[in-house]
Amino acid sequence: MGDQLIFTYDIDGSDFTRAGEASSSVKNKLKMLGVNSEIIRRVAIAMYEGEINMVIHADGGQITVTVSDDDIVMVLADRGPGIPDIGKAMQEGYSTARPEVRSLGFGAGMGLPNMKRYTDQMEIDTVVGKGTTITMKVAF
Amino acid sequence: MTIREMQKILDAQFLYGEELEDVDAEFVFSADMMSDVLAYCGKCSVLMTGLCNPQVVRTAEMLDIVCIIFVRGKMPDEHMLALAMEKGIAILATEHYMFTACGLLYEHGLRGGA
């Protein structure tokens, strides 16, 4: 097995204007590593959607990105309210976001479907009242 | 169409990125919901929106957008412009409403692409 690169980020849930800084950092790192631009775009979009979700729903959390020879794996873990109905949450257009979040341009019910759309594999591990961990993989 | 041509057609202000004026774009996506932009922007390299907050610039960054056009007279603040500068994204602002701005660009050959 080849080398792995691991990046970890603490996501501040209190500042919406800073949401996306971790995704931006990962995008730049992947660029410097010479990763294919389409792969970078998919990783950046999926992670950014997840990062926004962590800020608007879960008061932040932690993101770990592992780059290995075969794939890029993003693990987004929060201690938020959990997702009571994953089936509904995966439907395009279904959203539980507050109206003020929608006025900021998010909460259209596209976040989770987008994350699935742009990645090769996505798993959601959630417990209501405890938190959610989403693992996404993009293969090279 | 170059960013400079878009600026002239829309009678827009160049708020940042005049050095990018010769960058060429074929496809534009217009929306106020960033979630929709992230879902459907596809191959578009220009984003037209009436939403005005830092996440517009972040969304553009994730999608490799080269130019953001703010419509309806929306004006990004210094923080947003600094972020656009950092990311190398040109910023235009026009008084036109979204429908009119889209129509003008379409009339001159730009298309929506997803």
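Just the heavy atoms: all of them, side chains too, but no hydrogens, waters or symmetry mates, feed the values below. A, B, ... follow the sequence lines: proteins, then strands. Residue 1 opens every chain.
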Restricting to non-hydrogen atoms, name the atom on S23(A) and the atom on M62(B) that form the minimum distance, rounded to 0.1 Å. CB-CE, 3.7 Å
Does atom OH of Y106(B) have more than 12 heavy-atom neighbours, drawn from other residues, nucleotides or ligands, at distances under 6.0 Å? no
Within 6.0 Å of CZ in R79(A), more than 12 heavy atoms from elsewhere: no
Minimum heavy-atom distance A39(B)-R117(A), with the two atoms named: CB-NH1, 3.4 Å
Quick one, L104(A) with Q55(B), criterion side-chain contact (heavy atoms from CB on, under 4.5 Å). Give me CA distance, side-chain angles, the key distance, then yes/no. CA-CA 8 Å; L104(A) 293 167; Q55(B) 295 308 333; over 6 Å; no
Contact class of E49(A) relative to chain B, heavy atoms under 4.5 angstrom: side chain
Do you know which of S37(A), A108(A), G111(A) has the most heavy-atom pairs under 4.5 Å to chain B? A108(A)
Minimum heavy-atom distance R58(B)-S24(A), with the two atoms named: NH1-CB, 3.6 Å
Taking every heavy-atom pair that is under 4.5 Å apart, which of N53(B), D32(B), V37(B), T49(B) has the most such pairs with chain A? N53(B)
Atom group of I40(A) that falls short of 4.5 Å from chain B, counting heavy atoms: neither
Does E78(B) CD have over 12 foreign heavy atoms under 6.0 Å away? no
Which answer fits F16(A), side chain, backbone, both or neither, if we ask what part of it has an atom under 4.5 Å from a heavy atom of chain B? both
Does atom CG (D11(B)) have a neighbourhood of more than 12 heavy atoms from anything else shown, all under 6.0 Å? no
Neighbour count >12 (heavy atoms, 6.0 Å) for atom NZ, K29(A): yes
Give me the atom names and distance for the closest heavy-atom approach of L38(B) to Y118(A). O-OH, 2.7 Å
Q13(B), CD: over 12 other non-hydrogen atoms inside 6.0 angstrom: no
Can you tell me which portion of L83(B) sits under 4.5 Å from chain A's heavy atoms? Options are side chain, backbone, both or neither. neither
Group every Ile, Leu, Val, Met, Phe, Trp and Tyr by side-chain heavy-atom contacts under 4.5 Å, then state whether M115(A) and V73(A) land in the same group. no
In short, K27(A) meets D64(B) closest at the heavy-atom pair NZ-OD1, 2.6 Å
Honestly curious: do L63(B) and M33(B) fall in one hydrophobic cluster under the side-chain, below-4.5 Å linking rule? no
Heavy-atom pair of closest approach, residues F106(A) and S35(B): CA-OG, 3.5 Å
In this structure, would M47(A) and L5(A) fall into the same cluster of hydrophobic residues linked by side-chain contacts under 4.5 Å? yes
